[in-house]
Trainee: 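Okay, handing you the structure first.
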Protein chains: 4
Amino acid sequence: MTRSRDLGIPFEGQPGPYNAITDVSGVEVGHATVISGDGPLKPGGGPVRTGVTVVLPRGKQYSPVFAAWYSLNGCGELTGTAWLEESGFLESAIALTNTVSIGTVHDALITWASQHIPIDFNQIRDVFWYLPVVGETNDMLLNDISGFHVRPEHVFAALESASGGPVQEGNVGGGTGMVTHEFKGGIGTSSRLVEIDGNLYSLGILVQANHGVRSHLTIAGVQVGKEIPELMPEVRGYRPEPGSGSILVVLATDAPLLPHQLKRLTKRIPMGLGRTGGVGANPSGDLFIAFSTANSSPASRSGLLQADYLPNAWNTPLFEATIQATEEAVVNALVAAETMTGINGNTVYALPHDRLVSILRKYNRLAA
Amino acid sequence: MTRSRDLGIPFEGQPGPYNAITDVSGVEVGHATVISGDGPLKPGGGPVRTGVTVVLPRGKQYSPVFAAWYSLNGCGELTGTAWLEESGFLESAIALTNTVSIGTVHDALITWASQHIPIDFNQIRDVFWYLPVVGETNDMLLNDISGFHVRPEHVFAALESASGGPVQEGNVGGGTGMVTHEFKGGIGTSSRLVEIDGNLYSLGILVQANHGVRSHLTIAGVQVGKEIPELMPEVRGYRPEPGSGSILVVLATDAPLLPHQLKRLTKRIPMGLGRTGGVGANPSGDLFIAFSTANSSPASRSGLLQADYLPNAWNTPLFEATIQATEEAVVNALVAAETMTGINGNTVYALPHDRLVSILRKYNRLAA
Amino acid sequence: MTRSRDLGIPFEGQPGPYNAITDVSGVEVGHATVISGDGPLKPGGGPVRTGVTVVLPRGKQYSPVFAAWYSLNGCGELTGTAWLEESGFLESAIALTNTVSIGTVHDALITWASQHIPIDFNQIRDVFWYLPVVGETNDMLLNDISGFHVRPEHVFAALESASGGPVQEGNVGGGTGMVTHEFKGGIGTSSRLVEIDGNLYSLGILVQANHGVRSHLTIAGVQVGKEIPELMPEVRGYRPEPGSGSILVVLATDAPLLPHQLKRLTKRIPMGLGRTGGVGANPSGDLFIAFSTANSSPASRSGLLQADYLPNAWNTPLFEATIQATEEAVVNALVAAETMTGINGNTVYALPHDRLVSILRKYNRLAA
Amino acid sequence: MTRSRDLGIPFEGQPGPYNAITDVSGVEVGHATVISGDGPLKPGGGPVRTGVTVVLPRGKQYSPVFAAWYSLNGCGELTGTAWLEESGFLESAIALTNTVSIGTVHDALITWASQHIPIDFNQIRDVFWYLPVVGETNDMLLNDISGFHVRPEHVFAALESASGGPVQEGNVGGGTGMVTHEFKGGIGTSSRLVEIDGNLYSLGILVQANHGVRSHLTIAGVQVGKEIPELMPEVRGYRPEPGSGSILVVLATDAPLLPHQLKRLTKRIPMGLGRTGGVGANPSGDLFIAFSTANSSPASRSGLLQADYLPNAWNTPLFEATIQATEEAVVNALVAAETMTGINGNTVYALPHDRLVSILRKYNRLAA
């Protein structure tokens, strides 16, 4: 898997060791990739190019974290947000999948937690995993989406395989069939280390990128998309409006922030997307969620609670890190994804690395 | 089925002919009630006391309406709200069910629409029924909720049986196993007619009421709950915190209102709940949605659009109607519901009509 | 000054020693009442029936408190809310005045703080008092409002006279010329004591009530307004739509709550207003602000911070207290206010105590 | 006055004839610039480098327009937003000034309108100009801000001189003493023409830019700020945190949009700011307002109203125009502003045009 920095693309800020959301200690990511069949679309019968990606804030347990969310453009689904907004907590895993699999994945998260996570209801729950967070983007260009091919067992597999460390990017998990700026896209991640008052904090981003038109694509300030007008998706049959997909963004940090401070971070994500050419198009579900792992037990029911948090005045470096890591995660999704052929032989091409490098060089954005 | 007015309970304002949400022309309501088994809870095996209720803004078609939503207290799920807020449109039916059936019902709505509603994707859709609105309250006191007993065929049945005219209340549809102020509750509805500038508009409310503690219950300004301390729910085994349920409220009107004006109506719903003793308790999902059927094709894609709307100055009578109809719908749910025994022999008692009448008389709130 | 409980009006919950917002330790209230002249309106020359009321969360110092706000109906001004929402802090006094005095009072707060509060800008400020919170309701029925009769010295006087202890109600301060449900109204206050996990917390409400129509007025569940159709305001010349005034509500508590939890409290204020007959009419500025004095220095800039807060599950009793104290504060404003004659001999009558008592007795809501 | 395009800086999209907010027909802009004195700061006695800028949506009359607003970061004041959000209308002029002049300008707008705009209160008003929109940024680096040097007569002058046509940029009006990315900044404007379904719409942006740190400044995708580390502001005495200023953005369009659609535009403004290096820093008041002049009388009180609006699906080109025009307006503010010396001899340097041109050429972003 190639990453943006392997190509020498310049970014601002200091990434963590994995340059991934998993640089935030305790965060686990798992993918289930579902690929089968070729040829013409047989609704319900494939071909299948889809999957599900899960992000577990503190691994495989019930351990709420402070959280917030924001909708840049709401043409999408992100379940669980009413409680997240009300309570200030994320209490379940986050799952990212395709548009019509919201129901299946929602049920599967509840089922899995009921079976795998011991809980004493009289002690600690608020809502446990019963109002889980599930988001979607639409992979109908490559996938037999109406076939409901994401099954509960895929969700269970994603959860069980979730781990820290390096994160697969591109055509994996929920990102399997996704398209970014009319190149093949999917899952991307990045992180930043931020020093505040002598403490080093990590902030990580994971995107499921399925948005954008070609002509807007901007990398390292260069309008790369305008320079590569060819290699456009080859689509037979109905094609939704270009750029009509969506981008889901998950932000994790170990910086201690209260829910209203995490909300501030989510509102900077559009500034990172703006740098890569995002516009939040009308049919795009641009939904963002942020959580902090800093307070170990913020939703305890026993007695008066205490939360650590940073002064507002020290939030600005985290705003910058959010913008930087969002920008890089989108580019990482593009760089990692490989050309894919799906239903009806529809083909979405990978961003050609050699072309990217030569364009950046033309604009004096590469070292040599 | 007994209704509040049959008992002489006084309310303000003028109801429509059915005193139901269906007084708004075109609105259809359908219920599927799922009841089976008795005795001890066999998880996955019953007893079953649940169901699903659907509200179709303009019958069985794809015909978006202007809409808005509001969360008084977000301890619940209402899918589809990100797009509803963004677009100003409700594009699907609204379905109300139990907490763990969100996924099944969500999928079933998409499936049913795909099969039953003809649509030319190139002409008119925004998101069609693909981001449907599904809400939930928790019937675990009476129902084997973890058994996923609401099946797609129940959703289809509710949709296909939906109609205008009188609406069943109490232990039906999504309200089957619900509890209101520690009496048996469930579905309730009411309506008001409002004359504005010589035009008569209808405004209807439908609630799935599963909220409230006994001591707060207030009817016609009288603290009825404090006067009936007995007939409390008989519950064996785990019992969630009293009053921890939720109330979902659907508001329909044929008054021409823009999305931001409909939002104003939803924010008055708590004022009606306040009159019956609601407090929006922490573990309650008090989620409200409002739509207007006045503009026949507000989401058309063809050309410049025109919308009718009322001056803001004429919204106040609709605020009053909202408060009045909300109050009456909650009381109607209580008056219609009958005593029910569910899992483990758990029993939730109906509000005794004779006691209610004598208490209201004691406080000089009944005619004779 | 007569208070509601002096008349035997029943309320729920346990008030604090002053039954006032000042039951929250440290909170100070100050009024400047500006009354002069009689007879016909001479624009700019009186008669004058106006003033300003200030609420100081922690007395006369710079000491930010966690805070939140909510707009039930935004036909009014409440400055400073953008920063309050962003930061989670209230950093200035709150001032309540008449509609056209927003500017004068805003400037005066900044001026007074600059002169009276020592501050080391390099240590602790976020925005100091530079984005102060000033709210307004419209006293044009009784006051020469366009005369800008609230002067900086009135603001200074209100600040300097502010104290804990009993709070004057009715025709004082910002409430001087205000009208409530078409009776004379103005400033009202109330408090509740709430025991949570063995700790006793105070929650206080102060209202500047200038809203409502007569027929909606409800006290102790009884529709008192409908029973007193006479004693309506006598108004010569232009009269704004009845009920077009506004209600400002300030909530203080010493319960430790984070900003997003304080927001929850503000959203219950409409439920208390609903019980007294409020509807949030179109031309009403129904703007609410809540703060917690529990954390002594939540906006410090030095190092990592810690905040105490209550589990969400323990917020419900505070929701109830909010509703109860809001209801009582409105009734207290009505009971304390005395008949007033202002511009053009316009007269607004006090709620007649004897009539109120006899009506409550008729509905069996008084002890004897 | 030099503008960005005079230097050959490339931008996307097609500007209108003035490349200014006044390309939206009917929109008028007026400035009052207040400059006097030199040398050491004498609080209350200068030196003065400040002013006020007004934007009149439909010239000098009372004529509400559909409007919406958004706060990227709320460390600032923008009065009038509660009613704007509630009603969907902007009913007054918008005024932009310095932080402590909010009160003076607020009062002056009310006074001017009362004296100059005939109005029949019984026919058409909602709130007239009584809840005016006034925003601020902080010019304390160059200006004796605590001297309250913006006087009512300056506001009157700005209103009376307001006109369509070319708009002065840089050190004028409210922008007089403002600093942008640590260069001299101030007022900037730009516009775009957008063809939708055969109709040509105009969208204009006006900014009062007082935000940003040098190292983030990005123009045409090139990190210009990093290449010009010198020419930093020379400041004696107290200096607020670099980048702690704010940016106010006014968006006007003649595209027919409903309030909730205008809100969507405001949420794209951060994407334009992101392209120039904005991060929405903690102490920044990044407050944005958008209005549409398309419907001529949307707030009429007489009878049922009709509004034109564009389908949501046609909003995307307006999102793009918003991002593009925001980016260019910020750069225009920088290019137009000239080096200024203010209090204590503090000096803020203009962005050197020759350096800018040579840097853009280095990155192959200029034609020759």
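Chain identifiers are assigned alphabetically (A, B, ...) following the order of the sequence lines, protein sequences preceding nucleic acid strands; residue numbering begins at 1 within each chain.
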Trainee: Can you check whether D/Pro270's main-chain N or O pairs, donor with acceptor, with A/Lys267's side chain at less than 3.5 Å?
Mentor: no
Trainee: Give, as side chain, backbone, both or neither, the part of D/Ile323 having an atom under 4.5 angstrom from any heavy atom of chain A.
Mentor: side chain
Trainee: For the side chain of D/Thr316 and the backbone of A/Ala281, is there at least one donor-acceptor N/O pair under 3.5 Å apart?
Mentor: no
Trainee: Is the shortest heavy-atom distance from the side chain of D/Arg275 to the side chain of A/Thr218 under 4.5 Å?
Mentor: no
Trainee: Is any side-chain heavy atom of D/Gln223 closer than 4.5 Å to a side-chain heavy atom of A/Arg365?
Mentor: yes
Trainee: Please report the interatomic distance CG(A/Asn315) to CG(D/Asn73), rounded to the nearest 0.5 Å.
Mentor: 9.0 Å
Trainee: Non-hydrogen atoms of chain A under 4.5 Å away: do they reach the side chain of D/Phe319, the backbone, both or neither?
Mentor: side chain
Trainee: Can you say whether D/Lys226 sits under 4.5 Å from chain A via the side chain, the backbone, both, or neither, judging by heavy atoms?
Mentor: side chain
Trainee: If you measure from CG on A/Asn282 to CG on D/Leu318, what distance do you get to the nearest 0.5 Å?
Mentor: 10.5 Å
Trainee: How far apart are the closest heavy atoms of A/Tyr70 and D/Tyr70, and which atoms are they?
Mentor: OH-OH, 2.8 Å
Trainee: Which atoms of D/Glu12 are under 4.5 Å from chain A, going by heavy atoms: the side chain, the backbone, both sets, or neither?
Mentor: side chain
Trainee: Under the side chain to side chain contact (heavy atoms under 4.5 Å, CB included) criterion, do A/Val279 and D/Arg268 qualify, and how do the steps go?
Mentor: CA-CA 7 Å; A/Val279 299; D/Arg268 270 66 187 182; 5.6 Å; no
